[in-house]
J.: 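One structure, as structure tokens, below. Some questions next.
All values derive from a computational prediction rather than experimental measurement.
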Amino acid sequence: MTRRIEDARILMYSHDTFGLGHLRRCRTIAHSLVEDYRGVNILIISGATIAGAFDYRARVDFVKIPSVIKLRNGEYTSMDRHIDLHETLKMRKSIIRHTAETFQPDIFIVDKEPMGLHGEVEETLAYLKKQGTTLVLGLREVMDAPHLLEAEWKRNDVMRKIGQFYDSVWVYGPPDFYDPLVGLEVPPIVRSKMDFVGFLQRSVSHDIKESEHMPKGDYILVTTGGGGDGSDLVHDVIDAYQEDATLTHKALVVLGPYMPAKQRQKLIMKCAKIPYIEVIEFDNRMEELIAGAKAVVAMGGYNTYCEILSFDKPALIVPRVAPREEQLIRATRAAELGLIDMLLPEEAADPMRFAAALKALPERHPPSKSAAGLTLEGLANISQIVGEWLGRREQEHLTVVKG
């Protein structure tokens, strides 16, 4: 049922330094909330270079901050190489603070980075806390290997600051799948704020025309997410097709918008030699391509995994293993539960082994066959939580007005 809460405002922060995961997660939550609450207006602060390439529903908009990119070695640099990283971070911090002061949100949702990139939202968190804004930290169900996350957070005193600033910590997964803070010393105050809301289910919008890239007939979708580090997976897929003449499944390969130009051109030329492979660079409606696929081959980022579950697709995951272990942990756990098949990168580099896995994939049982009762309730749970918060605010406002 659609409810009406007058002029409620939600601000979201998505630091976006590598890939599309953060922005796509924020956009999914935002679209769900404006669908449920006709009075809600949502503004997403994003550092994604292609934030404007996506469609946004009415009452959802974005503010673009200068882009910072994360290199494969884990270091950061300005997207505009002529501007010093320190200056770029100063601009980002200023825009974030000014946006919060102008927008005056009822709720502020920060995606994944508790204090933002290099601490850029800490000042804004302090300001909004004084204004009475409800502050929410949203965490993936898997953050990273515990020893890596603990070292990073200890260095920046993050755990104490979570307890100091945030009212709630949403974990975007069920408690029986994985705990993002496992292996860390979690203060009781932080643990008490954690709410495992569930995976964020995806759907296909029927308001827009079908993707122009939708193939005719059955196809396997190969996606590398943002594509910044996805060239190895695509090379391995092509090598499997070249090595095994009996591998004749039609494949649609989506390279991703952040794949470096030289790698992209090399792969396009290599794919042109395989009649069963079609390659595209990007589609802003990946949900449609996954929904239409017979099966999915992917690196296993959070959004792709949620789409695999949402559309109940047989999947083969070849996870990224460095510098973060997030995808490896997620894929290992999902494989343990029988939800997907997994090959490590070195296993996928064996063309005949990969070809055998690709040939078997379309006949694999979908996730629902391996996990009876599998439900994705994240968006519904978030909507209920937000509705209760905004309802209390509205009641408090009416009480003050009557008083």
Side-chain angles (χ1 to χ4, degrees), residues 16 18-21 23-25 27-28 48-56 69 202-242 247-308 310-311 313-320 327 348 354-355 358 361-362:
D16 298 301
F18 193 83
L20 299 169
L23 174 60
R24 291 190 66 215
R25 186 161 50 242
R27 179 173 165 270
T28 296
T49 55
I50 61 167
F54 291 95
D55 298 319
Y56 296 87
I69 57 174
R202 308 304 161 92
S203 59
V204 173
S205 173
H206 299 290
D207 301 333
I208 53 179
K209 61 182 181 180
E210 185 180 88
S211 167
E212 62 186 34
H213 298 123
M214 185 71 74
K216 298 284 192 293
D218 290 342
Y219 64 94
I220 294 173
L221 181 72
V222 180
T223 173
T224 68
D229 59 354
S231 63
D232 288 347
L233 173 60
V234 180
H235 276 296
D236 290 341
V237 168
I238 299 169
D239 291 344
Y241 272 84
Q242 288 178 329
L247 178 54
T248 58
H249 296 315
K250 183 191 296 184
L252 175 64
V253 175
V254 185
L255 299 177
Y258 293 139
M259 183 172 287
K262 286 184 179 179
Q263 293 179 8
R264 187 164 58 238
Q265 289 306 315
K266 187 174 182 180
L267 287 168
I268 289 172
M269 291 174 63
K270 194 174 178 181
C271 281
K273 300 173 184 177
I274 310 292
Y276 306 108
I277 298 179
E278 179 184 349
V279 60
I280 62 174
E281 295 184 21
F282 172 64
D283 193 307
N284 65 0
R285 297 193 290 275
M286 283 297 294
E287 293 91 345
E288 291 187 21
L289 296 182
I290 291 180
K294 186 77 172 175
V296 178
V297 178
M299 292 177 65
Y302 179 82
N303 289 289
T304 303
Y305 183 64
C306 285
E307 287 158 352
I308 288 166
S310 296
F311 301 116
K313 297 298 175 179
L316 174 62
I317 303 297
V318 183
R320 179 197 305 133
Q327 293 186 1
F354 204 3
L358 290 171
L361 182 59

J.: Taking salt bridge (charged side-chain N to carboxylate O under 4.0 Å, His left out) as the cut-off, I'd like each qualifying pair that reaches into residues 254-273, sequence neighbours left out, listed once.
T.: D239-K270, R264-E281
J.: Find out whether M299 and T304 are in side-chain contact, i.e. whether some heavy atom of one side chain is under 4.5 Å from a heavy atom of the other.
T.: no
J.: Please name all residues satisfying side-chain contact (heavy atoms from CB on, under 4.5 Å) with P362, sequence neighbours left out, ordered by chain then number.
T.: I220, H249, K294
J.: If the condition is side-chain contact (heavy atoms from CB on, under 4.5 Å), which residues does A51 pass it with, not counting sequence neighbours?
T.: L23, S46, A48, Y56, F62
J.: Name all residues meeting the side-chain hydrogen bond (donor to acceptor under 3.5 Å, both in side chains) criterion together with N303; count only those two or more places apart in sequence or in a different chain, and write none if there are none.
T.: R202
J.: So, for L233 and A298, which heavy atoms are closest and what is the spacing to 0.1 Å?
T.: CD2-C, 4.0 Å
J.: For a 4.5 angstrom cut-off between non-hydrogen side-chain atoms, does K313 reach L221?
T.: no
J.: Which heavy-atom pair separates I317 from G300 by the least distance, and what is that distance?
T.: CG2-CA, 3.8 Å
J.: Are K250 and D218 close enough for a salt bridge, meaning some N to O gap below 4.0 Å?
T.: no
J.: R25: what forms a salt bridge (charged side-chain N to carboxylate O under 4.0 Å, His left out) with it, not counting sequence neighbours?
T.: D111
J.: Is any side-chain heavy atom of L361 closer than 4.5 Å to a side-chain heavy atom of V297?
T.: yes
J.: H235 versus L267: any side-chain heavy-atom pair under 4.5 Å?
T.: yes
J.: Taking only residues at least two apart or on different chains, which pairs with a member in residues 269-295 satisfy ring pair (Phe, Tyr, Trp, His ring centres under 6.0 Å)?
T.: F54-F282
J.: Counting C-beta onward and ignoring hydrogens, is there a side-chain heavy-atom pair between I290 and V296 closer than 4.5 Å?
T.: yes
J.: So, does Y219 use its side chain to make a donor-acceptor pair with the main chain of A295 at under 3.5 Å?
T.: no
J.: How close do L358 and A240 get, counting heavy atoms only, and between which atoms?
T.: CD1-CB, 4.0 Å
J.: Using the test side-chain hydrogen bond (donor to acceptor under 3.5 Å, both in side chains), find all partners of E307 that sit at least two apart in sequence or belong to another chain.
T.: R24
J.: Got a donor-acceptor contact below 3.5 angstrom from the T224 side chain to the L255 backbone?
T.: yes
J.: Looking at residues at least two apart in the chain, or sitting in another chain, which of them share a ring pair (Phe, Tyr, Trp, His ring centres under 6.0 Å) with Y241?
T.: none
J.: Among all residues two or more places apart in sequence or in another chain, which pass the salt bridge (charged side-chain N to carboxylate O under 4.0 Å, His left out) test with E278?
T.: none
